[in-house]
Structure formats: structure tokens, C-alpha cells
Amino acid sequence: MAFQGKKLVNDPNAVVTEFIEGLVETFPGLQYLDGFPQVKVVLRADIPGNKYDKVAVISGGGSGHEPGQAGFVGEGMLTAAICGDVFTSPPVDSILAGIRAVTGPKGCLLIVTNYTGDRLNFGLAAEEAKSEGYKVEMVIVGDDCALPPPRGITGRRGLAGTVLIHKVAGAAAAAGLSLAEVAAEAQHASELVGTMGVALSVCTLPGQVTSDRLGPGLMELGLGIHGEPGAAVAELQPVEVVVSHVLKQILSMETQYVPIKRGSRVVLMINGLGATPIMELMIASGKAIPQLQLEHGLAVDRVYTGSFMTSLDMAGFSISIMKSEPSILDRLDAPTKAPYWPVGVEGDRPPAKIPVPVPPSHSSRNEEEFNQPLELNEQGRILECAILAAVNAIIDVKDKLNDWDSKVGDGDCGSTMYRGAMAILDDMKKCYPLNVASETVNEIGTSIRRVMGGTSGILYAIFCKAAYTSLKESPDVTPEQWSRALEASIAAVSKYGRAERGYRTMLDALIPASIVLKENLDKGNDPVAAFVLSSEAAVNGAESTKEMQPQAGRSSYITGDVLSTVPDPGAMAAATWYRAAALAVEHKLKNAEN
């Protein structure tokens, strides 16, 4: 079902002019022509008009592909960018205004993506400018590798590879080359690059409804950058598989889109289409490089990963592969002040990145001492039983914790606790000295710290370290010492986490448990019964967080109406493992008596 797209805009018809206003306010080196709304031209603020002594490099097209093309205006790249309305070629008069504003005696090069409207409008503007006495050359970029040749008079579409042509031409112009030389370098570079895109969603134009063309679980291969349908629709696959398909299509020896063969050196660009997180783009980049090296026999000289030419809010990415030559690398590495050209990429990259070894721990721990004992004593068996019950209980409530956390936090409490539980299960088989309670607690903290991360991970690591410090002087731990260790752990978590009882945190389960445990032990009650009663207090304390207004954590940003329906996930997690451990100990000792 189609629905109205959500946009942070004012007037859908004014998005391009307002974008340009924001862009030039952000970057001091950019300016625009005073011709809104018909003339929408971004140009370098330092260009002295028709007195500019180098070749001007101009590009443009329909808007909606930001940062392309306006974000690549700057010394060493584009001199001006002509912005059309969203997905609409700029009119001839706007292009002419841009040419007149920045073109000096050495002339200008127009870099045009291969779409009919762009070719015609830039073409007519070029002819008009020539009739006025300007020197003008035009290079049309068609780097699309999704559709099978031949494409008749239409040719291949211009995609993200165009940005690489901007850089080559801009660097050549900055070096003082003539118009013919700059145009020749740009034309040559355009013949070396191929691009193919993959979309996970369609884009939504401002003020229009979102199309339901691409359903759940589907991806579109070989799409255009204006929301037009791709070459094929397929089921969503892992990114490694998608990357493999795209690379094979671009580098196909049958179509020969690019003059690249085994043994060639290449430049790789992973381009986000607007709504793809940088995390996912980097994953795609990390999978593409070894495939290029191992499967296609190519050396990768440069890698550019980011959003360069987008399609509004489309989820997906494109891959561009460009044949690398020394002169091309010189142009790509040349300095530029264009605000959206990536920094820190220039220079030779090693064939393979070998991770830096993790520095060794300075702990004086004897590794042999902390292997799991061949035979457990009574304390070791009870501890093993409690730990197994606690972690399995956490594993069982993973989804429930995530569900609660999705309503009051970031939705990952269950997953985070699950990682800790699985690490404890795995490490316990290998290195927990279960006959030594203090060291076992310390090792649990080490397991947690290694995998859990986030606030809960470090708080549990602090919890375990404080308990270890409290217990380490006694090889045989009494119930009273366990109680004092729990108090010490709670105090440490409160100190560093700045939380107290009533703050809607894990302490709202652990503090009541600690109080009940100590009270019962002080009265001389059975330690196991005290443990079970304290676990009931933990559960009740966790449930009571529904009525609490949070003072710490992400829940403190959530409204009371939502909070009153959901207990604190961290408190529920603490109550879960504590209760499971208590019941397991009770069950084990009852069975031992029988």
C-alpha cells in the first residue's frame, strides 16, 4: 500500500533552493547565483567570473542525488554545479548562467550524465555559449553496467562513476592544462569506469507518496538513480552474495563494459544511495576488496566508501570499478577543497591489511591455575549449577528483553545479555576454576567485558570485579560472605553508574534481593531459603519499576505513559538470572538430601 512519505521539508517545491541555501551557509568556499527559483547554480566563492585563468569544470543535472553534484564544487574539482529540480534536468538558461559566471579565457568543460534531458539541455547551452564566444567542450558519462548492450542511441546511463570523472577533470584543470587536454583526460577516464546499483527500497520524492513497488524481502538489481525500475527483482541475499553478483556484472568479459582484465589495477567506489548506513557500506567494501583480488585477479589501488551520488532516501548501494593508471591516481590523489570528496584515502594502500596484535595483558594470573578442575568439590558443583541456570534463563528471555527494551531503550538489552550468557557458557567449559569462587566470579566478569559492551556490559564487569575483591581472601566462601560480596557489587555499580534504588535500573532488582538475603542470614535462617526469598524480592523489585520514573539510562528520555506498561529490561534481566540461580541451588541441594 502506498503512503505519504515523511520528509523534513517546508514547501516540497522549494527543496532545491533551500538545500542550496543551507549548503553555502555551511561551506564558506561555496556561493550561489542570485537567480532563484529559475537559476539554481552553486559555484566556487573564489572564482573571479570571466577572469578565471583556468579551465572551468561544470557539471549538474536533476537534484535529489546529493551530495552530487553541488557537494563536489571546490578547488581541484568542480567550478560550478547546475541544479535542476528533483530528478529534472536543469533548464538551458540556468546552465548558461553557470557557464557565464565561471568561464574565463581558457573555456569550460561540461561533464554530463547520460540522460536524454541532460544531454539536450547541456548540449543546447553549450552551443549557445559557443555562439557567445565561449570555449566549451562536453564529456558525456555513461557508466551503467546493468543493462545488456547494445542500448541503441540511448546508451548507458550515467551513475556514481561520474564523481570520479569530476575529480580527474578538476585536478587536470587545477594543474593548468588546456581545455582540450582536460576534456581528453575526462573522456579517457569515463571510458575506464563501470557502475551497477542495488536497491532495497524505492525513493520518495518530496510531497509524493512512497511507492510499494519493491515489497518486503526483495531487492532490485541494476536500478537507475531516479527511482526507475532496475534490470531485475530478486530475493534479498547476504551482502557478500550481492557484491559478488554486481562485480561479475561490471567485469563481465562478454559485455566488456570496462577494459579491465585479470592483472589490472583498479579503483573501487562503494556508493550509498541515500538511506544506507555507513556500517553497511563498509561491510560491502570489506567484502568487495578480497573478491576483486582473489576471484578477479585485480589489484585495488584506491577505495572510496560513502554516499557520493544518491537517490533521495533510497536504501541500497552502487559499486563503481575504474581501471587504475598512474595518471588517474595522480588526479584522484590531488588536493581538493570540494566538501564531500573523501579525505584520508590518497596514497598507496597495502595489498592486505594485517590486524595489529592485541597487546598482552599485564595480569599476573597463572593460566594453568585457572583451568576448569578435573573434579569439582561441593562448592564447585553448586556454583556450576547456579551459573548454568542463570545463563540459560537469560538465553530464554532474550526476545522478551529485546521487546521491552525496544519500547523504552534501544532494543538490544536481550541481545547484549545473550552475548554475555553465551560467552560465560563457552568459557566455563575451558577456564573457570569453579572450586575457587572468587576467581570464578572474576572470570565471569572477564567473559562479560570481552563481549557485552555498552553500559550493561561494563556495569556487570564492575559488579563482578567488586564481588571478586570481596571474596578473594577466602577459598571457602560462606553465605554471609556471598551476601557481603553482593552488597559490595551493588555499591560499586551505584558509585560508577550513579544509580540508586528507585532509578529504574538493575539495582531495583538487586538491592531488594541484597536486603532480604542479609536480613534472613542475620536471623540465622537457612541460607538456601534466604537465597530463594531474596530472589523473590528481586523479581518483585524488577516488576515495581513500571511505577518508577527513570533517572538514568536511555529510559530517562521516554514518556511516563510508555514506561508504565513496561518494566525496566535491565532490572528484569538481573531478576531473571538471580532467581534462576537461587531455584537451581535449592533444587540441587534438595536432590542431594534425597
Side-chain angles (χ1 to χ4, degrees), residues 53-59 68-69 72-79 106-114 135 137-143 145 156 158-195 250-251 256-271 289 292-293 296-306 308-309 319-338 340-351:
D53 62 354
K54 294 179 180 177
V55 173
V57 180
I58 301 172
S59 188
Q69 309 300 339
F72 299 114
V73 173
E75 182 181 351
M77 210 161 175
L78 296 182
T79 319
K106 295 192 75 169
C108 72
L109 172 66
L110 305 180
I111 299 177
V112 182
T113 50
N114 188 31
K135 298 176 183 177
E137 294 289 345
M138 186 162 74
V139 169
I140 297 173
V141 181
D143 55 319
C145 296
R156 294 158 61 190
L159 301 175
T162 307
V163 176
L164 298 172
I165 314 308
H166 293 163
K167 186 64 176 64
V168 169
L177 272 62
S178 68
L179 176 58
E181 291 170 325
V182 173
E185 286 203 22
Q187 181 63 48
H188 175 65
S190 73
E191 295 167 357
L192 302 180
V193 63
T195 301
I250 295 172
L251 299 170
Q256 295 187 333
Y257 288 120
V258 287
I260 297 173
K261 58 185 179 181
R262 296 188 74 85
S264 295
R265 309 188 72 88
V266 298
V267 171
L268 168 67
M269 173 180 277
I270 303 291
N271 169 61
I289 294 166
L292 287 169
Q293 294 170 326
H296 298 278
L298 304 174
V300 181
D301 283 331
R302 301 290 184 276
V303 180
Y304 303 99
T305 303
F308 305 101
M309 185 179 287
I319 297 179
S320 299
I321 307 293
M322 185 182 209
K323 186 178 181 181
S324 174
E325 298 174 349
S327 59
I328 293 286
L329 295 179
D330 287 343
R331 299 306 186 203
L332 293 177
D333 288 349
T336 178
K337 293 184 179 179
Y340 283 95
W341 180 255
V343 297
V345 180
E346 69 278 358
D348 294 336
R349 60 184 303 279

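The figures that follow rest on heavy atoms only: side chains count, while hydrogens, waters and symmetry mates do not.
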> Would you say the side chain of Leu329 lies within less than 4.5 Å of the side chain of Val267, judging by non-hydrogen atoms?
Replying inline: yes
>> With a 4.5 Å cut-off on side-chain heavy atoms, are Val303 and Val345 touching?
In response: no
> Under the salt bridge (charged side-chain N to carboxylate O under 4.0 Å, His left out) test, which residues partner Asp53, sequence neighbours left out?
Replying inline: none
> Measuring from Thr113:OG1 to Ile165:CD1, what's the distance to the nearest 0.5 Å?
Replying inline: 12.0 Å
>> Could you report the tightest heavy-atom contact between Leu192 and Pro259, atom names first, then the distance?
In response: CD2-CG, 3.7 Å
> Roughly how far apart are Ser324 OG and Ile260 CD1, rounded to 0.5 Å?
Replying inline: 9.5 Å
> Would you say the side chain of Ile111 lies within less than 4.5 Å of the side chain of His166, judging by non-hydrogen atoms?
Replying inline: yes
> Is it true that a side-chain atom of Lys167 and a backbone atom of Ala334 form a donor plus acceptor pair closer than 3.5 Å?
Replying inline: yes
> Do the non-hydrogen side-chain atoms of Met77 and Val163 ever get within less than 4.5 Å of each other?
Replying inline: yes
>> Counting only heavy atoms not in Lys106 (residues, nucleotides, ligands), do more than 12 fall under 6.0 Å from its NZ?
In response: yes
> Arg302 side chain to Gly347 main-chain N or O, any donor-acceptor pair under 3.5 Å?
Replying inline: yes
>> Using modelled atom types and a 3.5 Å cut-off, is there a donor and acceptor pairing between side-chain atoms of Arg349 and backbone atoms of Val300?
In response: yes
> When rounded to the nearest 0.5 angstrom, what distance separates CG in Leu292 from CD1 in Ile319?
Replying inline: 8.0 Å
> Is any side-chain heavy atom of Leu332 closer than 4.5 Å to a side-chain heavy atom of Leu164?
Replying inline: yes
>> Let me confirm one number: the CD1-NE2 distance from Ile321 to His296, rounded to the nearest 0.5 Å.
In response: 8.5 Å
> How far does CG of Leu159 sit from CE of Met269, to the nearest 0.5 angstrom?
Replying inline: 12.0 Å
> Does any N or O in the side chain of Ser59 come within less than 3.5 Å of the main-chain N or O of Val112, such that one atom is a donor and the other an acceptor?
Replying inline: no
> Which value, rounded to the nearest 0.5 Å, describes the distance between Glu75 atom CD and Thr336 atom OG1?
Replying inline: 7.5 Å
>> Other residues, nucleotides and ligands only: do more than 12 of their heavy atoms fall within 6.0 Å of OH on Tyr304?
In response: yes
>> Looking at Lys54 and Ala173, would you say the former's side chain and the latter's main chain have a donor-acceptor pair under 3.5 Å?
In response: no
> Under a 4.5 Å cut-off applied to non-hydrogen side-chain atoms, are Gln69 and Met309 in contact?
Replying inline: yes
> Under the salt bridge (charged side-chain N to carboxylate O under 4.0 Å, His left out) test, which residues partner Glu137, sequence neighbours left out?
Replying inline: none
> Under the 3.5 angstrom rule, does the side chain of Asp143 hit a backbone N or O of Gly161 as a donor-acceptor pair?
Replying inline: yes
> Between the side chain of Thr79 and the main-chain N/O of Val57, is any donor-acceptor distance below 3.5 Å?
Replying inline: yes
>> Checking Lys261 now: which residues fulfil salt bridge (charged side-chain N to carboxylate O under 4.0 Å, His left out) with it, not counting sequence neighbours?
In response: none
>> Tell me if a side-chain donor or acceptor on Asn271 pairs with a main-chain N or O of Phe308 at a distance below 3.5 Å.
In response: yes
> Looking at Leu109 and Ala169, what are the two nearest heavy atoms and their distance?
Replying inline: CD2-CB, 4.0 Å
